[in-house]
Amino acid sequence: MPDKNVAIIAGGIAGLATASNLLDEADSRNLDIRVTILEKDHAPGGNLRTLAEGPWQLEWGPNGFLDNEPATLRLVEKLGITGRLQRSSDVTRHRFLLVNGRLVEIPTSPGAFVTSALLPARAKLRMAGELLIPRRKDLGLAADRPETDETVFEFGCRRLGREFAEVMLDPMVKGIFGGDARQLSLAAAFPRMVELEQQYGGLFRAMIALARQRKNKTDAGPSGVLHSFTGGMQTLVSAAVARLEQDPRCHLVCGAAIGSVAYREGSWFIEGSGFDPEPYDAVINAAPAHAASGQLQALDPDLAGLLAEIPFAPMAVIALGFEQQRIQHDLQGFGLLIPTREKRDLLGALWTSSIFPGRAPEGMALIRCMAGGAANPQVMALEDGELVNLALAELRPLLGIQGPPALARVIRHPRAIAQYTRGHPARLKAIFARCAARPGLYLTGSSYAGISVNSCCKEAETLAARVADDLAAGREEVATPLASTTEEDR
Ligand SMILES: Cc1cc2nc3c(=O)[nH]c(=O)nc-3n(C[C@H](O)[C@H](O)[C@H](O)COP(=O)(O)OP(=O)(O)OC[C@H]3O[C@@H](n4cnc5c(N)ncnc54)[C@H](O)[C@@H]3O)c2cc1C
């Protein structure tokens, strides 16, 4: 038996990256470790899956990731797939919004913004007034005083005006979270916005100060460039799995049906079927919060209750392929997003074959539409054919598409993306306080502190180091039994 035995529940990118980093951290501490990953599905990877549909290459979940997170790039490097990175085309600078039924390009410079048709003059004037709006006094307190937690929409209205919030923030939140700006917590979903207001007193003041700072540096700025891989996002998962399978200390089990997590006589146990029962020194739960909730119900009903409070938005991805000559629009851009006030069923569409090469056969275009989300979950009740017709009906007039699609494929995500709703920072604080009281139990993944692939990879690095430290120090042993929940814990 190894000195330290660790189970990782779930083999999405969060679980795989944590496993890979944990093995490295064990190496650097001379820890004799064994890591078992218990994945529910027949294959690991979670949302990161690339489907080959004849000559078309479709993404099940994420389309790519930004290259501004060093932890992801370090993982890519360690897995030996840097050479397979694919940079998105420069045309992705061009992004469009549906405004009053017409596609309008989002301006990328202040000058272009002033002359653009995106917002009427009164809304632009209101935006300019942002410079005069004082900083909120109770910023940065959302985890301790949930009543101060502002939604993304409230923040937009307060600082930049309602019209900006409706036309720009609302669709941005749909595009990133499949979410509803009127429900998501600014502090949880966009913590940087809170920091900028806190530090500089406002967004324009922050932009000016940061632009000045950048002038004195040579880097290209913080926003990053979208990347994927030849072979799509599956390349990252396949490389991580290959690395883990080569390591005799790692054991990957697919088809594991996990019932519950228990702690008995100084060891952790995972109950269920499809895997061997054994005692563990630590359990890292990288499953989505709703799944973790069920697994932890018997161990800690209060923790399970908090996890169950994190909602997930459903989403349908509708991939449509066309002969390029049947589309009037040149598709030179990233795609389009649709504000709620336009009253459409689609959240938006990405022009996938314009973003990365190799996604569609020669002379064809691949468009990826998104429907559903937190604000429009009822479309998920439609049959696949109905979803395809809905996407075609909304896209045809916008892009000038003639004739039937050469490819139509619907991918359903009943619980696509965790929604960091108002109160999420306080909920997280309570969740992690309860975990901290159970040494050896850890939670990670996109349900908590960042929904992107980059956030999962960043968290995987810090968590792996923490777990290795705890194992090395013998801190995984439970010192005192957890007292029953008090109101302060929540
Ligand atoms: C349509 C869509 C588009 C997206 N686009 C982007 C994008 O462009 N860029 C980006 O950065 N992010 C994007 N995301 C988010 C991205 O998918 C997540 O960041 C990432 O997949 C989260 O990884 P994860 O490991 O936390 O969760 P998941 O990928 O959800 O993996 C969770 C794993 O847990 C397993 N599991 C579930 N229940 C159990 C159980 N009971 N027992 C054991 N295992 C279990 C699942 O089978 C799965 O393997 C998108 C998501 C969706 C749905």
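For ligands, and for the atoms within them, numbers begin at 1 and follow the listed sequence. FYI, side chains are in, hydrogens and waters are out, and symmetry mates aren't considered; it's all heavy atoms of this structure.
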| message | Salt bridge check, Glu461 against Arg74: does any charged N sit closer than 4.0 Å to a carboxylate O? | response | yes
| His42 heavy atom under 4.0 Å from ligand 1 | no
| query | Does the distance from a Lys or Arg side-chain N to an Asp or Glu carboxylate O, for Arg412 and Asp384, drop under 4.0 Å? | reply | yes
| message | Between Asp27 and Arg249, does any NZ, NE, NH1 or NH2 come within less than 4.0 Å of an OD or OE carboxylate oxygen? | response | yes
| said: What protein heavy atom lies closest to atom 15 (C) of ligand 1? Include the residue and the distance to one decimal. | reply: Ile451 O, 3.4 Å
| task | Give a yes/no on ligand 1: does Gln295 have at least one heavy atom closer than 4.0 angstrom to it? | result | yes
| message | Quick check on contacts: which atoms of ligand 1 are under 4.0 angstrom from a heavy atom of Val453? | response | 10 (C), 11 (O), 12 (N), 19 (O)
| Pair Glu459 + Arg466: basic N to acidic O under 4.0 Å | no
| message | Between Asp470 and Lys4, does any side-chain N to carboxylate O distance fall below 4.0 Å? | response | no
| query | At a 4.0 Å threshold, what atoms of ligand 1 neighbour a non-hydrogen atom of Gly445? | reply | 26 (O)
| request: Can you sort out which atoms of ligand 1 are near Gly46, meaning under 4.0 Å from one of its heavy atoms? | output: 29 (O), 31 (O), 48 (C), 49 (O)
| Contact partition for Ala10 relative to ligand 1, non-hydrogen atoms under 4.0 Å | both
| message | I'd like to know if Ala256 contacts ligand 1, where contact means a heavy-atom distance under 4.0 Å to any ligand atom. | response | no
| Which bit of Ser452 gets closer than 4.0 Å to ligand 1, counting heavy atoms only: side chain, backbone, both or neither? | both
| For Gln378, does the CD atom sit with more than 12 other heavy atoms under 6.0 Å from it, leaving out its own atoms? | yes
| request: Would you mind telling me which of Ile106, Leu103, Asp170 makes a side chain to side chain contact (heavy atoms under 4.5 Å, CB included) with Leu97? | output: Ile106
| query | Polar-atom distance check: Ile13 versus ligand 1, any N or O pair below 3.5 Å? | reply | yes
| query | In ligand 1, which numbered atoms sit nearer than 4.0 Å to a non-hydrogen atom of Ala291? | reply | 38 (N), 41 (N)
